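Hydrogens, waters and symmetry mates play no part in the numbers below; they use all other heavy atoms, side chains included. Treat the numbers as computed from the prediction; the structure is a model and nothing was measured. Sequence positions, counted from 1, serve as the residue numbers for this chain.
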Amino acid sequence: AEYMGAAAPRVPVPPGASEAEAARIAHLQQRIQEVELQASIRQVQARLLEIKIRQVELMMLVQQANQVVDLRDREVALLDKKRLLEERIAELQLQIAAAEPT
């Protein structure tokens, strides 16, 4: 369960409490508010870190996708070169066969 920053209810100073007791209650309530604020800040910081981690993960996925696209482009180019070389070899073999005396 995540802490969502709900403020603790203020405890009323009991009737007949001394000034010292009232001051102590007020001090404790202030301290509770400070701790709650710190918890809220830490929760926001944790969420920001999660977001930054996700951004890095997404950037890595984009890089990997770009690498795949580059590799596929290279593969297509190499297969085209291979096909052209095979055609050229076939042409040269026909020329050699035609030039040979029978």
Side-chain angles (χ1 to χ4, degrees):
E2 288 187 4
Y3 177 76
M4 297 306 290
R10 279 209 169 268
V11 177
V13 177
S18 70
E19 205 172 297
E21 288 171 328
R24 178 148 172 76
I25 290 171
H27 173 75
L28 291 173
Q29 287 175 335
Q30 182 182 359
R31 187 68 186 117
I32 289 169
Q33 285 181 331
E34 290 170 4
V35 170
E36 288 174 339
L37 179 61
Q38 290 170 355
S40 294
I41 290 170
R42 286 197 177 98
Q43 183 182 10
V44 169
Q45 289 171 334
R47 186 70 183 121
L48 286 173
L49 283 175
E50 290 171 9
I51 290 168
K52 287 178 182 180
I53 289 168
R54 187 68 183 134
Q55 284 177 324
V56 170
E57 290 170 344
L58 290 172
M59 287 183 346
M60 290 173 61
L61 287 173
V62 167
Q63 282 181 333
Q64 289 173 348
N66 287 335
Q67 288 172 348
V68 168
V69 168
D70 290 344
L71 289 173
R72 286 191 177 153
D73 288 346
R74 277 198 228 153
E75 180 185 29
V76 167
L78 289 172
L79 287 173
D80 284 346
K81 282 183 185 178
K82 177 186 173 196
R83 183 184 48 77
L84 290 173
L85 289 172
E86 287 171 342
E87 289 174 5
R88 183 68 179 135
I89 289 169
E91 290 172 11
L92 291 173
Q93 285 175 335
L94 287 175
Q95 288 177 4
I96 290 171
E100 287 179 351
T102 49

d(Ile32 CD1, His27 NE2) to nearest 0.5 Å is 10.0 Å

Can Glu50 and Arg47 be said to form a salt bridge (charged side-chain N to carboxylate O under 4.0 Å, His left out), step by step? CA-CA 5 Å; Glu50 290 171 9; Arg47 186 70 183 121; 3.0 Å; yes

Residue set satisfying salt bridge (Lys or Arg N to Asp or Glu O under 4.0 Å) with Arg72, at least two apart, ordered chain then number -> none

Between Met60 and Val56, is there a side-chain heavy-atom distance shorter than 4.5 Å? yes

Arg83 side chain near Asp80 side chain, heavy-atom distance below 4.5 Å: yes

Does any part of the side chain of Lys82, heavy atoms only, come nearer than 4.5 Å to the side chain of Glu86, both counted from C-beta? yes

With rounding to the nearest 0.5 angstrom, report the CZ to CG distance, Arg54 to Leu49. 15.5 Å

Can you measure from CD (Gln30) to CD (Glu34) and round to the nearest 0.5 angstrom? 5.0 Å

Here the gap from Gln38 atom CD to Gln45 atom CD, rounded to the nearest 0.5 Å, amounts to 10.5 Å

About how many Å separate CG of Leu79 and CG of Leu84, when rounded to the nearest 0.5 Å? 11.0 Å

Using 0.5 Å steps for rounding, measure from the CD atom of Gln43 to the CG atom of Leu48. 11.0 Å

